[in-house]
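We're numbering straight along the sequence, starting at 1. Order of listing sets the numbers, starting from 1, for every ligand and every atom in it.
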Amino acid sequence: MRSEAGRLFKGTFWPKNCSRKIVPIRETTMTPLPRIAVIGTGGTISGVGKDRLDFYEYGTSGRFMHVEELIAGVPELTRVADIVPVRYKNVGSGEIGPADWLALLNLIHGTAESDPSIAGIVVTHGTATLEETAYFLNLAVKVPVPVVVVGAMRPSSALGADGGLNLLNAARVAGSPGARGMGVMVVLNDEINAARDVTKTSNYRVQTFVSRDFGILGYADADKVIFYRKPLRRTAPETEFDVASLIDLPRVDIIPAYAGADAALVEAAVAAGAAGLVSAGFPSGSPSPAQKVALKEAAKAGIAVVQSSRSGSGRVIDDKVTLREAGFVAADSLTPQKARILLMLALTVSSDIGEIRRIFDTY
Ligand code: ASP
């Protein structure tokens, strides 16, 4: 008998006027539910506002629930998983940065290693930086259990709150046999996305997380969790980045291109000690002329420069004349914020530009 992990609506069925007791399937022959650790970091999914119409002030006037309270608010979780709550933080995700990524990485490793029966891990997270944490974990996690990052667009107290179902679906996906080998996933709005490809595209809509060029991996539908494709770029746990013992990552700053931009931001980043710079360039991938001069100087001085595009879709091509001659690395189809994370990790392995190019071709 299958467990209920992939199924949402199967429950005990008692026909009307039935004289015989029907023994619920769960109490007899079923396989145990998957054991899923849920690590809480805060964010809207755990937000409690002042009333049911508080859709945006809760971040400042409301409070964040601890993960145990968040889980208790979704009693249906007990039908799909054996949940183990793990506290991390209780903050808006604007406060989550590289030091937290490393701490979360260790928490994930520790949780999986201390309890081999853990079948999957869910991280609850604010949506503002969710895709960044997810992509970092996708590059750094070394344990084979599926990791799913989940958030919500409406606080738990609001009309139409989406967090409960998102959390339930995240647990179902984390416990689903198909989730192995998919790398870190992001689940919201019944959709399963690859951490590399997904980005937040809308400030308030529940369908905000979109994998623009490549599409979703699958659905968490009412009848089952179903996958249609698998990422080909290398993902956790098969990556070369071994950063669990670090307490911080090399500094990499993003330099946005905009009409008339001078070199001030590049110079400021260099002065702040950046080991790498990512140009969020004009589509199809170029800085402003003044930025280009400053970035070329930075590259000559040994700072790794990656060229991405601010368009949010399509590749930056590794152009032999403009990019290679300037000493820049093409970000390929990574958004600037994802290119920054890959460059931070690449710099823990090598500062050789050829090696960094190889890494950008691999992940
Ligand atoms: N401000 C929130 C955060 O990122 C937004 C959210 O969770 O949706 O924590």
To the closest 0.5 Å, what do you measure between CZ (R35) and CG (D115)? 4.5 Å
Non-neighbouring partners of N106 that pass side-chain contact (heavy atoms from CB on, under 4.5 Å), sequence neighbours left out: A244
Quick one: side chains of residues 143-150, donor-acceptor pairs under 3.5 Å with protein atoms, not counting sequence neighbours, listed by atom name and distance.
none

Considering non-hydrogen atoms only, spot the tightest contact between G218 and Y228 and give its length. CA-CD1, 3.9 Å
How close do I83 and A171 get, heavy atom to heavy atom, and via which atoms? CD1-CB, 4.3 Å
Would you please write out the protein residues whose heavy atoms approach any atom of ligand 1 to under 4.0 angstrom, listed by chain and number? G43, T44, G92, S93, G126, T127, A128, A152
Summary of ring pair (Phe, Tyr, Trp, His ring centres under 6.0 Å) pairs that have at least one residue in residues 93-124, sequence neighbours excluded: W101-F136
